[in-house]
Amino acid sequence: MSEQGMKPIWYFVGLIVLVIGGLVFCSGIYLFFNPPAVKTVLAEMHPNLWWGGLMIIFGGGLYLKMRNQTR
Amino acid sequence: MEAIGLSFIDWIIIFIYFAFVLGIGLYLRRYTKSQEDFFLAGRKNSTWVAGLAFLSANLGALELLGMTGNTFKYGMYVAHFYWIGAIPAMLFLGIYMMPFYYSSKINSIPGYLKLRFDEKTRVLNGIAFAIMTLLVSGINLYAMALVLHTFLGWNWDYSMWASAITVAGYVTLSGLLSAIFTEIIQFFLIWFGLFLVSILGIIEIGSVSEIMARINTYSPQVSFTTLWSTSSNPMLNGMLVHWGGIVLGLGFVLSFGYWTTDFLVVQRAFSAKDLRSARMTPILASFFKMALPFIVILAGLIAIALSIDPKSGFKLLHDGGQVNYDSALPLLIARYYPPGLVGLGVTALLAGFMAGQAGNISAFNTVWTYDIYKSVLNKKASDAHLLWMGRVSTIVGVILSLVTAYWAKGFPSIMDYMQAIFSWVNAPLFATMLLGMFLWWITPNGAFWGLVAGMLSSILMYFAVKFHWFAESIITMSSVQSDMAANFWRAWWAWLICATVTILVSLFTKKRPKEELVGLVKGLTKEKHDQNIPFMKRPEFYAIISLIIFILLNIWFW
């Protein structure tokens with residue numbers, strides 16, 4: 001297999017976790033300022049914010065570490 | 001039930017995931033130039049890549065929904081599927097069996113049968129595996145569409161075709177490599193998408209001890225929160241099974257049959273870059289396998305604890321008077337996840353489903369191309385032709401899966417038969433493999449007729465009980481009825497029959513010369529692997545750590 005220039009799998013894992021985590025975090029900010037009429041259980045804990053934030057840290061870290069690496 | 005509502009942000013997340021996996025397939029196509037690239041990902045993967053793919057190939061969405069639902073139904077005994085029903089077999093594969101698989105440079109499990117025994121045993125297993133894979137793939141497709149329809153209100157046909165076309169797209173483009181890439185992405189999305197359910201469940205109820213205490217208070221007679229302490233009397237545990245059935249049926253035959261011989265998972269280890277990485281593949285996966293109950297079992301226990309508290313408002317769905325146990329996880333997602341997180345949770349389920357589908361299809365195209373097409377139909381096929389055949393068989397495999405899915409839709413009872421298929425194919429095959437790999441005097445005819453007898457007896461036992469030709473208690477040796485216990489015991493008897501017939505026929509038929517079996521049979525092969533590396537870097541060291549954690553978990557939850 002010719003692998004010259006091929007990005008490692010961890011680059012893609014970091015990218016998708018970063019992107020989805022970013023969207024979850026943004027939805028958390030929106031819900032913080034615009035709480036829905038029907039709330040989920042424990043909505044007052046704002047899980048989107050801290051879980052999305054955790055995903056951004058994990059995904060972003062992996063993406064930055066791997067962005068210049070090849071297999 | 002009112003379907004779980006998806007907001008705009010949830011749809012965006014789901015769309016991004018679909019576009020992402022197709023993009024990966026396109027990106028990897030330029031690196032897929034030979035048949036070895038397509039079928040074995042070029043044999044260049046590290047332990048981590050092969051190990052996580054090895055685990056994820058087994059981690060489908062149905063497994064997540066089904067095992068959470070089963071925990072609601074049977075209690076903590078379901079954790080046996082993740083611990084005794086997986087860990088010893090995975091370690092055995094890495095330590096004892098992988099050197100023979102990997103060093104013989106085979107492309108598939110039937111390929112080993114050809115080298116160790118003969119062509120007819122290979123073709124028999126190749127055909128059985130191909131049919132099993134397509135059936136499992138199609139029924140999974142049907143069941144997943146059913147889940148999406150029930151819980152999300154999606155159109156049955158659209159969701160099935162969209163998923164099938166996406167899988168066909170990226171597997172056709174770059175074969176096992178893209179399947180492995182998406183399996184690893186799925187692994188992370190499942191943890192990020194579903195572990196939060198357990199975390200929020202614990203926060204709502206108070207603690208893990210409180211969850212257990214509530215369940216024990218509600219059900220003091222039958223234990224739902226222990227692993228072994230009530231296994232001597234089937235009446236005292238939720239699964240109605242004796243420890244003998246767990247150890248022999250699940251822990252030995254079903255587990256070893258699946259984890260050491262099912263090409264769907266073992267193919268990932270074959271893609272490793274060297275023998276040490278291949279041996280480490282199932283050993284590394286064993287650590288993550290042991291952690292999965294903290295998603296599925298814990299979520300199932302949370303669902304029990306909530307459902308017995310009338311104030312919680314949590315109640316499983318009912319279909320036609322029957323409890324729909326598979327609704328436990330989607331209902332927990334609906335309970336805890338606001339918009340955005342719902343998209344993540346649904347994407348995790350979709351990713352699990354599509355990666356499982358890709359695993360089945362990539363295993364099917366390899367076995368079809370090498371063990372049926374090249375072995376029987378076109379023995380002189382060139383490398384380029386086999387690569388082409390791999391791509392064609394991927395598309396044909398997906399189409400046949402769709403046909404099976406529509407068949408299942410018309411005849412829902414075949415869903416029941418699928419539960420038993422692993423015990424029909426894998427349980428006897430494990431006897432053939434074990435005997436063939438460790439006893440040099442097992443003959444090709446012994447292996448072939450043992451495999452035939454084992455498969456037929458397992459099928460016969462299933463239908464005999466189903467159509468009341470004889471009582472289930474003859475198989476389970478217990479007066480209480482449980483489908484799960486019957487599965488465990490039937491697998492054990494199929495294994496025993498296969499092993500007995502294999503040995504008896506081998507005693508009276510022509511043996512292969514020992515010199516032809518070097519590299520294929522333990523005892524005839526000098527095993528020199530990993531001698532020059534320190535003990536703390538050897539697969540055996542990590543296997544011991546895994547075994548210690550496995551023992552501690554069983555004692556902890558005894």
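Just so we're on the same page: letters track the sequence lines, and every chain starts at 1. Here the structure is a predicted model, which means the values were calculated and not measured. What's counted below: heavy atoms across the whole structure, side chains too, no hydrogens, waters or symmetry copies.
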If every non-hydrogen atom of [X] is compared with every non-hydrogen atom of [Y], which pair is closest and at what distance?
{"X": "B/Phe188", "Y": "A/Val17", "result": "CB-CG2, 4.4 Å"}
{"X": "B/Pro339", "Y": "A/Leu31", "result": "O-CD1, 3.8 Å"}
{"X": "B/Gly340", "Y": "A/Val24", "result": "O-CG2, 3.8 Å"}
{"X": "B/Ile185", "Y": "A/Phe12", "result": "CD1-CB, 4.2 Å"}
{"X": "B/Phe192", "Y": "A/Met55", "result": "CD2-CG, 3.4 Å"}

[X] [atom1] to [Y] [atom2] distance, which is reported to the nearest 0.5 Å:
{"X": "A/Ile20", "Y": "B/Ile12", "atom1": "CD1", "atom2": "CD1", "value": "12.0 Å"}
{"X": "A/Lys7", "Y": "B/Phe181", "atom1": "NZ", "atom2": "CZ", "value": "11.5 Å"}
{"X": "A/Trp51", "Y": "B/Tyr337", "atom1": "CH2", "atom2": "OH", "value": "7.0 Å"}
{"X": "A/Met6", "Y": "B/Lys44", "atom1": "CE", "atom2": "NZ", "value": "9.5 Å"}

Can you establish whether the number of heavy atoms outside A/Tyr30 located under 6.0 Å from its atom OH is more than 12?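 No - once you tally the heavy atoms of other residues, nucleotides and ligands closer than 6.0 Å, there are 12 at most.
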Engaged part of A/Thr40 at the chain B interface, taking heavy atoms whose separation is under 4.5 Å: both
Below 4.5 Å from any heavy atom of chain B, which atoms of A/Leu42 appear? Answer side chain, backbone, both or neither.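 Just the side chain, heavy atoms under 4.5 Å.
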Need one label for [X]: side chain, backbone, both or neither, based on atoms under 4.5 Å from any heavy atom in chain A.
{"X": "B/Ile180", "answer": "neither"}
{"X": "B/Ile9", "answer": "side chain"}
{"X": "B/Leu52", "answer": "side chain"}

Please rank [options] by heavy-atom pairs under 4.5 Å with chain A and give me the top one.
{"options": "B/Leu189, B/Leu344, B/Ile24, B/Leu196", "answer": "B/Leu196"}
{"options": "B/Leu28, B/Ile199, B/Thr347, B/Leu200", "answer": "B/Leu200"}
{"options": "B/Tyr27, B/Phe187, B/Trp48", "answer": "B/Tyr27"}

Would you indicate whether the side-chain heavy atoms of B/Pro338 and A/Pro36 approach each other to under 4.5 Å?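 No, their side chains stay 4.5 Å or more apart.
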Starting from the C-alpha separation in whole Å, work towards a yes-or-no answer on side-chain contact (heavy atoms from CB on, under 4.5 Å) for B/Ile16 and A/Ile16. CA-CA 9 Å; B/Ile16 285 174; A/Ile16 189 83; 4.1 Å; yes
